[in-house]
Amino acid sequence: MSATPEEKLQTRLLLDLEPVVEKELNRHLSMAKEWFPHQYVPWSEGRDFDGPLDGEPWSIEQSKLSVEARESLIVNLLTEDNLPGYHRAIATVFGRDGAWGTWVNRWTAEENRHGIALRDYLTVTRAVDPVALERARMHHMEAGYEADHGDSFLHGAAYVSFQELATRVSHRNTGRASGDPLCEQMMTRIAADENLHMIFYRNLMAAALEAEPNATMRAITDVVTGFQMPGHSIDGFMRKSVIIANAGIYDLRLHHDDVLVPVLRKWNVFDRTDLSGDGAKALEELGEFLAGLDAAATRFETRREERRARQAARRG
């Protein structure tokens, strides 16, 4: 059975872009800082839980965090927990050989630190219900992970370019919202990793745009217009997302202004002169979508401010 045109394109891109991957991998390794999850956890606050150790059961008053910070930290951790699924997906697309395989394994190892640090912090500080958290982890991982665009290299690379930046923004804002300097320090450290990951993928996609502008532009538009966070299958994700958005931790305005627009600007997509056919059509679709998203973000901000004003008036 002969390969499809899409498969031939993907194979050619993986070969042609390997020197770019090697260059970006070396840049990443020169900039990445070694750090240790255990150093970001206040172990002295820990004590035994109920169960085999017959310690103190968890109760809500033990948590020092707001509802918004708790929900955001839970979503962030559960998202990190699904790393085996993400590793399988990215290894399937990028392969396990050469610079591609080296990057996949390095990325996975770095991402794994995030889940370790988050879970230890939340457990030791009794910030969230550990039983509910474990049940949610089991449910989320049993649901598995399937990339929205299957095994497409261009779609996958476009997705992680935006998703890594979205995760960085979410982590940083969650740390600030926690009101805990230790939590903020930890989340800032994790976000620094996510930023380096974003730069790797963003630069890879920039090279893909030069090599295959039309196909890459179509992939970018498909990803942007259908974007959803990798944790969208978390039980109760919509309710948690609303709480997180209302708190200003991650909302439509941040998604538009701090995630989509900066990456697209870096790729210079709206000033490109090498697009034709479906690539040009995809760029037009992207512009229309961003305009609609910008308007939706403004409407959300207006409603949120009105709601906050009503709540303040009732308290006054």
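Along the sequence shown, residues carry numbers from 1.
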**Message:** Let's go through Q163 and T167 carefully: what are the C-alpha distance in whole Å and the side-chain angles of both, what is the deciding distance for side chain to side chain donor-acceptor pair (under 3.5 Å) to 0.1 Å, and is it a yes or a no?
**Reply:** CA-CA 6 Å; Q163 181 267 320; T167 304; 2.8 Å; yes

**Message:** Between E146 and R88 (salt bridge meaning N to carboxylate O under 4.0 Å), is one present in this structure?
**Reply:** yes

**Item:** Hydrophobic cluster identity match, M229 and V224, side-chain contacts under 4.5 Å
**Value:** yes

**Asked** Can you tell me if CZ on R135 sees more than 12 non-hydrogen neighbours from other groups inside 6.0 Å?
**Response** no

**Request:** Flag yes if more than 12 heavy atoms outside N268 fall under 6.0 Å of its CG atom; otherwise flag no.
**Result:** yes

**Salt bridge present between R308 and E305 (N-O < 4.0 angstrom)** = yes

**Request:** Evaluate side chain to side chain donor-acceptor pair (under 3.5 Å) for S178 paired with R70, printing each intermediate quantity in order.
**Result:** CA-CA 8 Å; S178 72; R70 280 200 304 272; over 6 Å; no

**Prompt:** Below 4.5 Å, heavy atoms only, C-beta onward: do P262 and D257 meet side chain to side chain?
**Reply:** no

**Message:** Test side chain to side chain donor-acceptor pair (under 3.5 Å) on H149 and Y159; report intermediate values, then the result.
**Reply:** CA-CA 9 Å; H149 300 283; Y159 176 78; over 6 Å; no

**Message:** For D97, is the CG atom crowded, meaning more than 12 foreign heavy atoms sit under 6.0 Å from it?
**Reply:** no

**Prompt:** With a 4.0 Å cut-off, would you call R113 and E80 a salt bridge?
**Reply:** no

**Prompt:** With side chains defined as the heavy atoms from C-beta onward, is the minimum distance between L25 and T102 less than 4.5 Å?
**Reply:** yes

**Asked** S161 and A157: which non-hydrogen atoms are nearest, and at how many Å?
**Response** OG-O, 2.8 Å

**Item:** Ring-face cation contact, F49 with R126, 6.0 Å cut, 45° max
**Value:** yes

**Request:** Working to the nearest 0.5 Å, report the span between CH2 of W267 and CE of M217.
**Result:** 8.5 Å

**Prompt:** Does the side chain of D120 come under 3.5 Å of the side chain of H38 through a donor N or O and an acceptor N or O?
**Reply:** no

**Side-chain ion pair, D251 and R304, N-O less than 4.0 Å** = yes

**Prompt:** Going by heavy atoms in the side chains, are E24 and L204 under 4.5 Å from each other?
**Reply:** no

**Request:** Would you please test K23 and E18 for salt bridge (Lys or Arg N to Asp or Glu O under 4.0 Å) and show each step?
**Result:** CA-CA 9 Å; K23 174 187 172 185; E18 180 150 14; over 6 Å; no

**Asked** Going through the distances and angles, do H255 and F162 end up as a ring-ring contact (aromatic ring centres under 6.0 Å, His included)?
**Response** CA-CA 9 Å; H255 184 62; F162 296 110; 7.9 Å; no

**Request:** Tell me, with the steps shown, if H232 and M238 meet side chain to side chain contact (heavy atoms under 4.5 Å, CB included).
**Result:** CA-CA 8 Å; H232 65 86; M238 285 304 300; over 6 Å; no

**Message:** Between Q62 (side chain only) and P57 (backbone N and O only), is there a donor and an acceptor less than 3.5 Å apart?
**Reply:** yes

**Fill in**
dist Q185:CD -> I190:CD1 (nearest 0.5 Å) comes out at 11.5 Å

**Item:** Test ring-ring contact (aromatic ring centres under 6.0 Å, His included) applied to W103 and F200, step by step
**Value:** CA-CA 10 Å; W103 166 255; F200 177 95; 3.7 Å; yes

**Asked** Do H28 and E110 come close enough that some side-chain heavy atom pair is under 4.5 Å?
**Response** yes

**salt bridge (Lys or Arg N to Asp or Glu O under 4.0 Å) assessment of E71 paired with R239** = CA-CA 9 Å; E71 293 289 12; R239 180 186 63 80; 3.2 Å; yes

**Request:** Starting from the C-alpha separation in whole Å, work towards a yes-or-no answer on side chain to side chain contact (heavy atoms under 4.5 Å, CB included) for Q228 and D148.
**Result:** CA-CA 9 Å; Q228 53 184 355; D148 288 342; 3.2 Å; yes

**Prompt:** How long is the span from the CD atom in E284 to the CD atom in E288, to the nearest 0.5 Å?
**Reply:** 5.0 Å

**Asked** Would you find more than 12 non-hydrogen atoms of other residues, nucleotides or ligands less than 6.0 Å from H139 atom NE2?
**Response** no

**Asked** Can you find a side-chain donor-acceptor pair between H140 and D235 that sits under 3.5 Å?
**Response** no

**Asked** Is a salt bridge present between E45 and K64, judged by a nitrogen-to-oxygen distance below 4.0 Å?
**Response** yes

**Request:** May I have the step-by-step check of side chain to side chain donor-acceptor pair (under 3.5 Å) for Y121 and D180, ending in yes or no?
**Result:** CA-CA 11 Å; Y121 168 83; D180 179 0; 2.5 Å; yes

**Prompt:** Do the non-hydrogen side-chain atoms of N76 and Y250 ever get within less than 4.5 Å of each other?
**Reply:** no

**Fill in**
d(L264 CG, M205 CE) to nearest 0.5 Å is 10.0 Å

**R307 atom CZ: more than 12 heavy-atom contacts under 6.0 Å** = yes

**Audit row: R106, L29, side chain to side chain contact (heavy atoms under 4.5 Å, CB included) steps and yes/no** = CA-CA 9 Å; R106 173 73 189 202; L29 293 175; 3.7 Å; yes

**Request:** Indicate if I243 and L254 have the same hydrophobic cluster label, given that clusters are the connected sets of ILVMFWY residues with side-chain heavy-atom separations under 4.5 angstrom.
**Result:** no

**Prompt:** Thinking salt bridges, do D193 and R168 make one under a 4.0 Å N-O criterion?
**Reply:** no

**Aromatic ring proximity, centroids under 6.0 angstrom, W107 and H87** = no

**Request:** Assess whether side chain to side chain contact (heavy atoms under 4.5 Å, CB included) is satisfied between R172 and M187, documenting all intermediate values.
**Result:** CA-CA 6 Å; R172 284 296 303 272; M187 298 306 283; 6.0 Å; no

**Request:** Look up atom OH in Y145 and atom CG in L83, then write down how far apart they are to the nearest 0.5 Å.
**Result:** 11.5 Å

**Prompt:** Is the shortest distance from a Lys or Arg side-chain nitrogen in R303 or E306 to a carboxylate oxygen in the other one below 4.0 Å?
**Reply:** no

**Fill in**
In this structure, CG of L118 is separated from CG of L78 (nearest 0.5 Å) by 10.0 Å

**Complete:** Heavy-atom nearest pair, V41 first then A117, reads CG2-O, 4.2 Å

**Request:** State whether R12 and E212 are salt-bridged, where the test is any N-O pair (Lys NZ or Arg NE/NH1/NH2 against Asp/Glu carboxylate O) under 4.0 Å.
**Result:** yes

**Prompt:** Does the pair R218/D278 count as a salt bridge with the N-to-O cut at 4.0 Å?
**Reply:** yes

**Message:** Would you say CD of E184 has more than 12 non-hydrogen atoms from neighbouring residues, nucleotides or ligands within 6.0 angstrom?
**Reply:** yes

